[in-house]
Student: 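One structure follows; several queries about it will come next.
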Number of protein chains: 2
Amino acid sequence: MQNRPAALTMDAVYTKPGYLFRRMQQIAVAIFMEECREFDLTPVQYAALVAIQTHPGIDATRLSAVIAFDRSTLGSVIERLQAKGLIERAASAEDRRVKLLTITKAGAALLRDIVPAVERAQARMLQPLKAADRKTLMTLLSQLVDLNNEASRVPLRAEDALEHLGRAG
Amino acid sequence: MQNRPAALTMDAVYTKPGYLFRRMQQIAVAIFMEECREFDLTPVQYAALVAIQTHPGIDATRLSAVIAFDRSTLGSVIERLQAKGLIERAASAEDRRVKLLTITKAGAALLRDIVPAVERAQARMLQPLKAADRKTLMTLLSQLVDLNNEASRVPLRAEDALEHLGRAG
DNA sequence: GCGAGATTGTCAGTATACTGTCAATCTAGA
DNA sequence: TCTAGATTGACAGTATACTGACAATCTCGC
């Protein structure tokens, strides 16, 4: 009897970290979009815009490392930000393959205006938990993401890891 | 001076729950796909397959409630599972709008074979944390997903909430 | 200075996700 | 019974994501 595998129930899905991470991501995006509706900016576009403002003249490949988004995916994100007039692309003088990204005045203004809505969204995601539990969750999640960094296709390479890199890494 | 907003740094992204949930979801999918490579099944397809086996004759709308996936998205997922011969669709005798889903022998066999790989993947996601921290994280995440259930477009409606529903809810 | 190998941006293909819409169909109330 | 409203599956449109490929370009060893 002990060799008979347990019957498969939905708990084979519900209690698994993979399922919970997916659900939480869906919920987080929904809350973000709701709070930021008037700004017409997605979470990914927001992260890219912050990174471009923080690193003026960054190229797409480095941007992908700084926010840990796939380079392929980033192409269309950049295109949309440019179409909205929030960023500009200029050819690099040193490397003709590279296109440098900078934020426009409109982009900087949008970023300034959207921050309160983003803060509200982030707060709402954790709001159902007690303050102490929020802190615990964030600490553990930060650790886990950091320790699993290499498991994703595009590991995060924070800005300090890029600073001393030459144009060709 | 205290009214001057702090300069925007990447911490405006890195330390936010929304960003961490996205990264963790990316990492979780990457690990799942790696462990389950030989079975050619995505996390979403796995969840759908488990739900169809657990609820033989379920329709697409209820399936979407049981795994909390969007009904629109589920259409193509079902199509792919059917194309692989893992599930079957049959018209309902009672309601001509409805198509009932059942798992095939091939689907059940795949599910039986893939379980160890899924278990390995789920374990790997949390592996970098200490055992006690894993438990804490899962507990808090379960609570948070549950308490935020209504915030997503498709809230989870577990099977017991569906059992006593008539065909038209 | 030249060619092997790496890098950059781009693209095609596949797979989630969500919004909004639609025709076919069903249910329930007047 | 007849119809207003709800439901179902499907679809179009947009936006992430990842794989794998490619031409243009750059770097570095020789």
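All values reported here derive from a predicted model rather than from experimental measurement. Here is how names work: the chains are called A, B, and so on, in the same order as the sequence lines, proteins then strands, and each is numbered from 1.
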Student: Round to a whole Å and report the spacing from CD of A/Gln26 to P of C/dT16.
Tutor: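 Whole-Å distance recorded here is 12 Å.
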
Student: For A/Lys99 and B/Pro43, find the nucleotide of DNA chain C closest to each by heavy atoms; which residue's nucleotide sits nearer the 5' end?
Tutor: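 Of the two residues, A/Lys99 wins.
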
Student: Do the side chains of B/Ser142 and A/Thr15 get nearer than 4.5 Å, heavy atoms only?
Tutor: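 Answer no - side chains too far apart.
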
Student: At under 4.0 Å, does any side-chain N or O of B/Gln25 touch on OP1 or OP2 of C/dT16?
Tutor: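 No.
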
Student: Are a donor atom and an acceptor atom from the side chains of B/Ser76 and B/Arg80 found within less than 3.5 Å of each other?
Tutor: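 Their side chains do contain a donor-acceptor pair, which is all the 3.5 Å distance test asks for.
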
Student: Quick check for you: among D/dT8, C/dT10, C/dT16, whose closest atom lies nearest to any side-chain atom of B/Val98?
Tutor: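 Nearest listed nucleotide: D/dT8.
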
Student: Between A/Arg89 and B/Val44, which has a closest nucleotide on DNA chain C that is more 5'?
Tutor: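 Nearer the 5' end of the strand: A/Arg89.
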
Student: Between A/Asp40 and B/Ile27, name the one whose nearest nucleotide on DNA chain D is closer to the 5' end.
Tutor: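 Looking at the nearest nucleotide for each, A/Asp40 comes out on the 5' side.
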
Student: Given C/dC18, C/dC26, C/dT8, which nucleotide is nearest the side-chain atoms of B/Arg97?
Tutor: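 Closest nucleotide to the B/Arg97 side chain: C/dC26.
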
Student: What's the closest nucleotide to the B/Thr73 side chain, out of C/dT16, D/dA15, C/dT10?
Tutor: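 That would be C/dT16.
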
Student: Residues in ring pair (Phe, Tyr, Trp, His ring centres under 6.0 Å) with B/Tyr19, at least two apart?
Tutor: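 With neighbours one apart ignored, the set is B/Tyr14.
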
Student: Over how many whole Å does the gap from B/Ile78 atom CD1 to D/dA10 atom C1' extend?
Tutor: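 Whole-Å distance recorded here is 11 Å.
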
Student: Roughly, in whole Å, what's the span from CG in B/Leu74 to C1' in C/dT16?
Tutor: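 After rounding, the gap between these two atoms is 11 Å.
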
Student: So B/Glu79, base contact, sugar-phosphate only, or nothing? Heavy-atom distance under 4.0 Å.
Tutor: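 No contact.
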
Student: Without decimals, in angstroms, what is the distance between A/Lys84 NZ and D/dA15 P?
Tutor: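 Rounded to whole Å, this separation is 7 Å.
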
Student: From C-beta outward on A/Thr61, which listed nucleotide comes closest to its side chain: C/dA15, C/dT8, D/dA10?
Tutor: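 Per side-chain heavy atoms of A/Thr61, the pick is C/dT8.
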
Student: When you get a sec, tell me which of D/dG9, C/dG20, C/dT16 is the closest nucleotide to the side chain of B/Ser72?
Tutor: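 Ranking D/dG9, C/dG20, C/dT16 by closest atom to the B/Ser72 side chain puts C/dG20 first.
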
Student: Looking only at side-chain N and O atoms, does B/Asn149 offer a donor or acceptor that is under 3.5 Å from a partner on A/Arg23?
Tutor: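 Note: A/Arg23 and B/Asn149 side chains meet the donor-acceptor criterion.
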
Student: May I ask you to say what A/Val29 touches in the nucleic acid, namely base, sugar-phosphate or nothing, with a heavy-atom cut-off under 4.0 Å?
Tutor: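 The residue A/Val29 makes no contact with any strand.
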
Student: In whole Å, I'd like the distance from the CG atom of B/Asp95 to the C1' atom of C/dT25.
Tutor: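 B/Asp95 atom CG is separated from C/dT25 atom C1' by 7 Å.
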
Student: The side chain of B/Asp59 is closest to which nucleotide in this list: D/dT16, D/dG9, C/dT10?
Tutor: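 The answer is D/dG9, which lies nearest to the side chain.
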
Student: Expressed as a whole number of angstroms, how long is the span from B/Glu94:CD to D/dT8:P?
Tutor: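 It is 13 Å, rounded to the nearest whole Å.
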
Student: Taking for each residue the nucleotide of DNA chain D with the nearest heavy atom, is it A/Arg71 or A/Arg96 whose nucleotide lies nearer the 5' end?
Tutor: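 On the 5' side of the pair lies A/Arg71.
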
Student: With a 4.0 Å cut-off on N to O distance, would you call A/Glu79 and A/Lys99 a salt bridge?
Tutor: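 No, no charged N to carboxylate O under 4.0 Å.
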
Student: Using whole Å, what does the distance between atom C1' of nucleotide D/dA10 and atom CD of B/Gln82 come to?
Tutor: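 Between C1' of D/dA10 and CD of B/Gln82: 14 Å.
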
Student: Could you tell me the separation between the CG atom of B/Leu41 and the C1' atom of C/dT16, rounded to a whole number of Å?
Tutor: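 It is 14 Å, rounded to the nearest whole Å.
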
